Structures are given as C-alpha cells and as structure tokens.
Amino acid sequence: MKGKFITLEGCEGVGKSTQLKLLIEYLKENNIDFVCTREPGGTAISEKIRGIILDKDNTEMSAECEALLYASSRAQLLQEVIIPNLEQGKLVICDRYYDSSFAYQAYARGLGLEFVKSINTFALAHGVPDLTLFLDLTPTEAFKRKGGADLNDRIEAIGIDFHNKVYNGYKQMQELEPNRIISVDCSKEKANTHKNIINILKEKGIL
Ligand code: TYD
C-alpha cells in the first residue's frame, strides 16, 4: 500500500490523547497529509458498536462477546477508512488498534493470543501497522497522575490488577514484535514525550 499506517497504544491515562493532539498539530504545521481515526469507533457503524462495548450497564457482557465486538468494529474501520486512505498514499494514524485486543482481551481477560488473533485475521492480513508506538507508563503511575480511575468508564473501573495485566500484555507483544512495536517512555514532561515520538517517526522513515 502507498501510505503509511501507524497506531498508538497504551494503558488508561498514559496521556495518549494529549500526544495524539500534539502529533496532529505537528503534522498540520508541516503540511503532511494524514487521516486520524480511533478504536473502537471511527465509522458510523463502529461508533454504534463502541457505544455497546463501553456502556457500563452491560455488566453481563462475556469476554468473548467483547472481543468479537472490538473485532467487528475494527473490520468496518479497516474497510471503510484505513485501507482506502492508505491506497491514496495518506499517512493513517489510529488511536488504538489490534494490539489493544491482544493486551486487553488476550492477556488481561485471559482469552489467549491464539483466539484473539484468529478473530482478527482480516486485520492481520490486510491492515498491519508499519509502526506501533507503545506509550509506556505503568497503570499505578498513570492512575496516580490522573487522580484515580474514572468509575463511569466500564473498563477503567475494573481495577488495578486487570490494568497491570494489560500493561504486561503490551510488554509481551513488544517482545514478540520488537521491530514494529516501539516503546515511548511517558514518565517525563509531555513535551519531552512528543519530541521522542517525532524522532522515532523520523528514524523509522514515517515522516
Ligand atoms: P477509550 O475511552 O477510547 O479509552 P482511551 O482513551 O484509553 O483510548 O476506550 C477504549 C477502551 O477500550 C479502552 O479501555 C481500551 C479498550 N479496548 C479493548 O479492550 N480492546 C480493543 O481492541 C480496543 C480497541 C480497545
């Protein structure tokens, strides 16, 4: 495909939205043609699926159902947004992608990597990121920084043990795919993290 595809990953509260905003400002200032989207969501259908997944009243949702909903939201986003824009040669940035399913559903929920990969085969075949930035900050540090978990968010409210498993899941993914997944230290000032992100994107030939 002509364009480059990058994804941003990390645990809750690591400053992903802030870094995304800074990255978008940088791309605009430098006249780089890009499309930014998010998961779950990014298309009208995927946003509806997002509403079901993140609804805190859906307490009876099984881990399998959750994993399949994330995968279906992703399938739509890939076909409707990611692939067409890559074909046009654009830089596509996605806020979370299948590594979130590997970290949250495979490792933290315990569904296993094999199962979660099997329901994501379309993305693994036709939408592999050129680069994934893992915003690295432990859940303990992240929740301390944001003043505790948001109890209205079904996922944030699960508890620290779950989020530690997510963190370890990301670390394991990084060990499995060290060339694609690059860790970015998020414990310092946000301007510092932003500079590191730009440097990595330049080094990897994305910018
Ligand atoms: P969101 O409010 O977008 O969180 P954040 O700002 O942290 O990105 O909610 C997305 C939630 O969905 C987040 O808790 C991570 C979770 N998630 C998964 O568990 N699996 C997935 O495949 C994806 C894309 C997200």
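For ligands, and for the atoms within them, numbers begin at 1 and follow the listed sequence. All of these numbers come straight from a predicted model, not from anything done at the bench.
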For atom 14 (O) of ligand 1, which protein heavy atom lies nearest, and how many Å away is it?
E12 OE2, 2.7 Å
Which residue holds the protein heavy atom closest to atom 22 (O) of ligand 1, what is that atom called, and what is the gap in Å?
S101 OG, 2.5 Å
Report the nearest protein non-hydrogen atom to atom 11 (C) of ligand 1: residue, atom name, distance rounded to 0.1 Å.
L54 CD2, 3.9 Å
Does one hydrophobic cluster hold both L137 and L8, with members joined at side-chain heavy-atom distances below 4.5 Å?
yes
Distance only, no hydrogens: is a donor on one side chain within 3.5 Å (strictly under) of an acceptor on the other, for Y70 and Q105?
no
Which residue and heavy atom of the protein sit nearest atom 3 (O) of ligand 1, plus the separation:
R50 NH2, 3.1 Å
Any heavy atom of R38 sitting closer than 4.0 Å to ligand 1?
no
Heavy-atom donor-acceptor pair, D55 side chain to G51 backbone, under 3.5 Å:
no
Using 30° and 60° as the class limits, which term best fits the ring planes of F134 and Y167: parallel, tilted or perpendicular?
tilted
Protein residue, atom and distance nearest to atom 7 (O) of ligand 1, heavy-atom basis
R96 NH2, 3.0 Å
Would you call L207 and L91 a side-chain contact if the rule is heavy atoms closer than 4.5 Å?
yes
In ligand 1, the atoms that come under 4.0 Å of a heavy atom of S100 are 20 (N), 21 (C), 22 (O), 23 (C), 24 (C), 25 (C)
For the pair R38 (side chain) and D95 (backbone), establish whether a donor and an acceptor sit closer than 3.5 Å, ignoring hydrogens and angles.
no
What do you reckon, does R74 have a nitrogen or oxygen under 3.5 Å from a nitrogen or oxygen of ligand 1?
yes
Atom 10 (C) of ligand 1 sits nearest the protein heavy atom P40 CD, 3.9 Å
Heteroatom proximity flag, Q105 to ligand 1, N/O under 3.5 Å:
yes
Ion pair present between R109 and E64, side-chain N to carboxylate O less than 4.0 angstrom?
no
List ligand 1 atoms under 4.0 Å from K16, heavy atoms only on the residue side.
5 (P), 8 (O)
Knowing that exactly one of I53, L69, I52 qualifies, which makes a side-chain contact (heavy atoms from CB on, under 4.5 Å) with N58?
I52
More than 12 heavy atoms of other residues, nucleotides or ligands under 6.0 Å from NZ of K48: is that the case?
no
With a 4.0 Å heavy-atom cut-off (strictly under), which part of E156 contacts ligand 1: side chain, backbone, both or neither?
neither
Of all the non-hydrogen atoms in the protein, which one sits nearest to atom 18 (C) of ligand 1, and at what distance?
Y70 CZ, 3.1 Å
